[in-house]
Amino acid sequence: MSAPDPDILARAKAGDRAALGALIAPELGRVYATCRRMVGNPDDAAELAQDALVRAIRGIGSYDGRSAFSTWLTRVTMNTCLSWHRARGRRAGKLPGPIENPDVFPDPRGPAEPGAASGVQAGGGDRALRVEAALDRINPEHRAVLVLRDVRGLDYDAIGAALDLPLGTVKSRLFRARAAMRDALESMERESGAGRDAGHDDGDPDA
Amino acid sequence: MSRSEHPTEHGPSGRDPGESAILDAIETPDDGAFEAFCAAIPDERLAARVRAMRGDRATLVAADPGPAPEGLGDWALDDAMGALDPDALAALEATPSSIDGPPVSAIQPYREPVLARLWRYRGVAGVAAAAALVVVAGIGINTGVNTLRARRASPAPTAEPIAEAPGGDVPGASIEIAAETPAVAAETPESWTGSGLSEPEAWDAVALADVFEAAPHLGSGRLIVCVRSGSASGTRTVLERLSSQRIGPDHSFRVGDPVGAGTLASIGMPRAEPPVIASASGGPDRVVVPERGAWGARVRPTASALAALRKSLEDAGMAVEFRLLAEPIEVSALDRGDGESVTPDSVLWWSTPPSSWDRTVGVPVVIDSLPD
């Protein structure tokens with residue numbers, strides 16, 4: 001990724017619709033993918049993607065062209081998504097900001113419950129859905145670094161630029177994010193197992 | 001793959017790996033290297049967890065979030081650049097139209113009067129009502145003062161100055177005599193001052209040296225301005241001119257209406273020795289009794305304001321002197337101008353910009369004028 005053509009950028013800053021369209025067209029898929037993984041719901045994702053693009057278009061004057069346009073747009077997009085999460089948290093009566101400190105060091109082996117560290121993986125055809133559901137269970141800051149790394153494929157430097165984090169923090173937060181998602185999946189697996197057990201009990205009263 | 005991303009180079013050797021090494025192992029595309037890394041982890045639970053996290057990542061990377069909605073870019077551009085698309089406007093411009101000029105609605109917008117809009121706000125309405133009451137009260141006070149002054153003005157010449165007039169002049173004759181005596185015009189305030197106010201033994205009021213001595217006493221009720229004038233009509237003209245507008249830098253003073261006879265009497269100012277006017281027709285010399293009156297001047301409580309007042313009076317041919325009474329005189333709120341009472345004067349000042357609103361104090365200006 002490189003800086004955009006100076007002429008296109010100049011025309012875009014002057015409000016040229018065609019130039020603005022040329023700038024954002026290659027980024028539409030990435031912006032939507034980011035939003036889709038950050039919020040989970042396709043409708044919300046489309047709305048957020050549009051909101052992020054509008055912010056970027058209106059704020060194009062603040063883009064100095066020294067970094068890749070994609071990196072700058074990713075930052076705008078991620079800020080839009082995080083703002084959405086914080087607003088949703090306020091509406092739900094939660095405090096704004098992360099629910100937990102995203103940089104607190106977890107036990108790499110996972111929860112201490114017996115059997116919890118069994119490496120249980122979501123299986124079958126619903127694995128992708130389970131991973132997506134697990135993303136919804138972790139806090140937005142962990143989710144952001146996971147999305148940028150695994151969905152967008154950004155390197156650590158680009159993630160740091162997008163989230164305004166130093167490199168060391170990016171790596172440690174990514175490790176905690178992976179651990180958090182694993183915990184979420186295992187928790188979902190336990191809940192699912194408990195449900196199945198309850199269903200068996202209900203379905204076989206003579207057992 | 002960089003060195004830091006190769007898990008085997010960070011492989012565990014008898015103890016659990018760090019998070020950086022685990023991260024690198026999870027993301028390595030080399031399955032063989034990853035398995036070797038996991039096999040070397042002593043803690044089997046940790047090894048299983050690392051394998052699971054690698055699987056989670058693979059699932060997330062492979063999951064397709066789907067394509068961006070059709071028209072996403074156009075939506076954003078329309079939203080960001082407003083609903084008026086230049087192309088659409090150009091198309092509208094090219095469309096033939098029978099209407100020349102911009103469309104004009106046939107419905108005339110209703111514009112609520114400004115007073116009605118203000119009245120809808122209770123706070124403004126309250127202030128307006130209070131202001132109306134104050135204006136009405138002020139007009140009443142002003143009318144009352146003028147009426148009282150008019151009632152007292154007619155008996156005064158017969159009761160006070162004329163009774164004291166020596167030489168057997170009839171009441172009211174002073175003005176008539178003055179009118180008949182051209183020599184009055186030759187009298188100047190300077191020539192008259194010596195026989196007028198210089199009677200400290202008869203009047204317990206200290207003469208002050210200048211405005212700087214006088215200014216600290218503004219508002220005390222003890223300060224008065226004593227003026228001698230060589231022409232009654234000229235004095236009235238000057239006072240009318242001064243009372244029609246605020247004078248001096250920053251509207252520092254204003255001469256108001258004449259104060260009541262009670263205030264004038266409370267000053268206790270002794271009457272000066274009347275000057276003897278030579279008859280122009282060769283007859284006996286005539287004694288002229290000065291006309292005395294007092295006006296309430298409103299002055300900002302500063303020396304500069306007092307100086308402006310004095311200069312205006314001196315420029316009109318008057319001799320001015322500041323005096324300090326032994327006791328404060330009983331003056332009305334109009335005279336005292338203590339800034340707390342609502343007076344007609346203060347109400348009128350509301351019509352000026354707020355920047356000109358300031359505390360003023362009342363000072364009696366006592367004038368002895370020779371009749372014309």
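Within every chain, numbering begins at 1; the chains are lettered A, B, ... in the order of the sequence lines, protein sequences first and strands thereafter. Note that the coordinates shown come from a computational prediction; the quantities given were computed from them, not determined experimentally.
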(message) Which atoms of Ala33(A) are under 4.5 Å from chain B, going by heavy atoms: the side chain, the backbone, both sets, or neither?
(response) both
(request) Measure distances from Ile24(A) to the heavy atoms of chain B and classify the residue's part below 4.5 Å as side chain, backbone, both or neither. (result) side chain
(message) Pair Arg130(A), Glu186(A) - check salt bridge (Lys or Arg N to Asp or Glu O under 4.0 Å), show working.
(response) CA-CA 10 Å; Arg130(A) 285 179 170 272; Glu186(A) 290 175 356; over 6 Å; no
(message) Can you tell me which portion of Asp64(B) sits under 4.5 Å from chain A's heavy atoms? Options are side chain, backbone, both or neither.
(response) backbone
(message) Quick test of your reading: applying side chain to side chain donor-acceptor pair (under 3.5 Å), list the pairs with at least one residue in residues 37-54 of chain A, sequence neighbours left out, ordered by first then second residue.
(response) Arg37(A)-Glu132(A)
(request) Verify salt bridge (Lys or Arg N to Asp or Glu O under 4.0 Å) between Asp183(A) and Arg49(B), making sure each step is shown before the conclusion. (result) CA-CA 10 Å; Asp183(A) 291 342; Arg49(B) 187 172 171 85; 2.7 Å; yes
(message) Looking only at side-chain N and O atoms, does Arg152(A) offer a donor or acceptor that is under 3.5 Å from a partner on Thr74(A)?
(response) yes
(message) Parallel, tilted or perpendicular: which one describes the rings of Tyr63(A) and Trp72(A), with boundaries at 30° and 60°?
(response) tilted
(message) Just so I understand: if I count every heavy-atom pair under 4.5 Å between each of Leu146(A), Thr34(A), Val147(A), Leu174(A) and chain B, which residue has the most?
(response) Leu174(A)
(request) Select, from Val31(A), Val151(A), Leu135(A), Val54(A), the one with the greatest count of heavy-atom pairs under 4.5 Å involving chain B. (result) Val54(A)
